[in-house]
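Please read these numbers as outputs of a predicted model, since none were measured by experiment. Start at 1 and go down the list; that is how both ligands and their atoms are numbered.
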Amino acid sequence: MTTQLPPDGVTGGAARPDEPPSRRVRKLSLLLDNIIESVPMGIIAIGLDGKVLAVNANAEFLFGLRRVYVIGESYEAALPASITPVFTKLKLGLQADKASADADATLSLPRNEGMQIGVSASHLLDREGKPQGYLFLCRDQSLSREVQQLRDLDQLKTDFLNTASHELKTPLTAIMAGVELLAADAGKFGPAAAPLFEVIGDSALRLNALVNDMLGLMRLESGRARLHACDCDVALVARDAIASLKETPRHKLCLDIPAGLPRVMIDRDNMLMALRHLLKNAVKYSPDGGEITLAVRVGNNEIEFSVADRGIGISRENQEKLWQKFFRVDTSYTSNFEGSGLGLAIVKHVAQLHGGTVFVQSEPGRGSTFGMRLPLRARASELVAAGE
Ligand code: ADP
């Protein structure tokens with residue numbers, strides 16, 4: 001809503017002590033007008049006789065009114081029929097000695113058809129506290145309802161994924177164990193059996209990794225995840241992360257760790273998981289190979305872990321969405337790579353669990369650097385104090 005300034009140049013700005021009193025009073029009155037017009041809700045004042053006393057611009061917009069036509073008129077005649085019963089009910093509540101009263105209403109107007117509004121009513125009093133009428137504040141609630149509906153939907157999706165992941169876990173374990181047994185005796189089933197068992201085994205492993213990612217992410221998202229921080233040798237954690245990767249002949253995996261790194265309070269298992277996701281992505285999205293460097297830096301009360309590759313890179317537009325769960329860059333090129341779109345969401349949660357942040361620097365065609373920055377000393381002492 002915009003506030004119109006009066007044409008004579010007297011604005012509602014702060015009054016100066018050297019100004020004549022009449023001008024100061026006028027300024028104050030304009031300032032109050034401006035405030036009322038700027039409040040992001042519809043305001044309607046009604047006298048004790050039921051006549052409309054004032055309407056602000058937001059109320060004009062909400063109810064499709066023109067104040068020149070409604071001021072001085074009975075509210076029952078001047079306001080839309082879908083709102084007057086609500087005003088009447090609230091007014092009766094105030095007359096029955098309530099200090100304030102609230103109600104919801106659904107508008108039935110061509111422009112705002114079906115709009116949900118919340119109305120709060122209170123007494124309009126003069127300076128001596130004598131009742132002058134009633135004040136109605138009206139807010140558009142559709143937005144907050146939409147947000148709530150989206151939250152509910154998101155929760156439903158999370159619940160479904162949680163149940164599905166748990167239900168998949170047992171049969172998957174049975175399939176993996178069964179295939180391993182069969183593969184050991186593959187010769188019995190003819191020459192085609194061994195490669196077939198290998199395909200089944202690999203697929204089951206991939207599905208298992210996806211289920212583990214979903215369960216891990218949901219645990220991190222639920223807010224139930226606790227940081228199990230311990231005093232860690234960061235260089236060792238970084239080495240373990242690299243050692244846990246599959247052999248990849250086209251890539252050169254490098255560690256860049258300065259000598260004399262301090263021991264740091266981190267959640268070793270979660271950190272290992274996050275670094276593995278970053279390293280696996282660096283391998284996956286560098287199809288032409290090249291150097292991949294896991295670097296650790298300490299400074300300014302924070303520790304930084306980063307993984308740099310010389311892969312396909314990511315456009316600026318997509319960089320903003322990368323950390324959302326299930327987001328995958330949609331190009332014919334990236335669709336060749338398997339993935340769930342959960343890895344970076346997990347990395348972000350792990351960083352947040354440590355009170356830190358994530359970052360990405362990337363240039364399409366030249367490579368990317370993904371990383372986490374975690375607060376160092378402050379967080380560590382907090383954790384020690386909390387006995388974690
Ligand atoms: P995914 O399982 O798809 O790899 P992630 O959450 O780990 O899921 O990554 C999300 C998306 O971010 C990927 O689908 C990919 O498009 C992009 N991405 C992640 N890491 C890199 C990287 N190192 N280089 C280029 N793109 C990447």
Side-chain angles (χ1 to χ4, degrees), residues 154 157-158 161 164-165 168 172 202-221 225 238 241-242 244-246 248 250-256 269-296 304-354 356-373:
D154 196 50
K157 195 177 71 185
T158 304
L161 285 176
S165 309
L168 282 170
L172 257 177
D202 279 354
S203 308
L205 275 177
R206 274 208 309 276
L207 198 54
N208 194 47
L210 172 66
V211 168
N212 283 342
D213 280 354
M214 287 210 278
L215 288 172
L217 181 63
M218 259 160 290
R219 192 177 51 83
L220 286 165
E221 272 189 340
I242 290 210
S244 70
L245 285 195
K246 272 197 197 147
T248 157
R250 270 191 294 176
H251 299 91
K252 185 170 168 224
L253 299 178
C254 310
L255 258 179
D256 176 4
D269 290 347
N270 274 320
M271 187 53 64
L272 207 56
M273 174 169 71
L275 292 177
R276 271 172 52 80
H277 275 299
L278 293 182
L279 286 165
K280 272 163 61 181
N281 279 350
V283 171
K284 192 159 64 170
Y285 299 107
S286 311
D288 297 332
E291 211 168 83
I292 291 173
T293 307
L294 168 54
V296 183
E304 181 184 294
F305 295 85
S306 66
V307 174
D309 64 56
R310 298 186 181 162
I312 58 174
I314 308 141
S315 68
R316 184 157 290 278
E317 181 203 346
N318 281 321
Q319 286 176 31
E320 285 165 23
K321 306 177 208 149
L322 285 177
W323 308 96
Q324 296 166 11
K325 65 182 172 199
F326 299 117
F327 177 80
R328 306 201 67 216
V329 176
D330 187 16
T331 63
S332 53
Y333 193 60
T334 44
S335 58
N336 293 328
F337 303 104
E338 279 170 13
S340 59
L342 294 178
L344 291 181
I346 291 176
V347 173
K348 185 175 168 193
H349 276 286
V350 170
Q352 286 174 344
L353 199 61
H354 286 83
T357 53
V358 287
F359 64 88
V360 58
Q361 289 145 7
S362 184
E363 221 182 297
R366 306 202 66 155
S368 315
T369 302
F370 282 85
M372 294 176 273
R373 289 195 188 101

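- Taking each of Ala209, Pro364, Ser340, Ser315 in turn, the one with a heavy atom nearest to atom 2 (O) of ligand 1 proves to be Ser340.
- Counting heavy atoms from C-beta outward, Val283 and Lys280 have side chains that stay 4.5 Å or more apart.
- Ligand-side atoms of ligand 1 in range of Leu342: 6 (O), 8 (O), range being under 4.0 angstrom from any heavy atom.
- Within the 4.0 Å heavy-atom shell around ligand 1 one finds Phe370.
- Taking 4.5 Å as the limit, every side-chain heavy atom of Ile312 sits out of range of all side-chain heavy atoms of Ser286.
- Between Val329 and ligand 1, at least one N/O pair is under 3.5 Å apart.
- With a 4.0 Å heavy-atom cut-off, ligand 1 is reached by the backbone of Phe327 but not by any atom from C-beta on.
- When atom types are taken as modelled, the side chain of Ser165 and the backbone of Met214 share no donor-acceptor pair closer than 3.5 angstrom.
- Listed by first and then second residue, the salt bridge (Lys or Arg N to Asp or Glu O under 4.0 Å) pairs that reach into residues 203-212 are Arg206-Glu338, sequence neighbours excluded.
- Residue-ligand proximity, Leu344 to ligand 1, at heavy-atom distances under 4.0 Å covers atoms 5 (P), 6 (O), 7 (O), 9 (O), 10 (C), 12 (O), 19 (C).
- Looking at Val307, Leu322, Ile314 and measuring to atom 26 (N) of ligand 1, the nearest heavy atom belongs to Ile314.
- Listed by chain and number, the residues in a side chain to side chain donor-acceptor pair (under 3.5 Å) with Arg310 amount to none (sequence neighbours excluded).
- Put simply, the side chain of Val360 reaches to within 4.5 Å of the side chain of Trp323, judged on heavy atoms.
- Among Gly367, Gly339, Gly341, Ala282, the residue whose heavy atom lies closest to atom 8 (O) of ligand 1 is Gly341.
- Polar contact with ligand 1: present for Gly343 (N/O pair, distance under 3.5 Å).
- Close contacts of ligand 1 with Arg328, meaning ligand atoms under 4.0 Å from a residue heavy atom, involve 1 (P), 3 (O), 14 (O).
- Test Leu322, Val358, Val347 against Phe370 for side chain to side chain contact (heavy atoms under 4.5 Å, CB included) and you get one pass: Leu322.
- For Lys284, the heavy-atom gap to ligand 1 drops under 4.0 angstrom.
- For the pair Asn318/Phe327, a side-chain contact is recorded, criterion being any heavy-atom separation below 4.5 Å from C-beta on.
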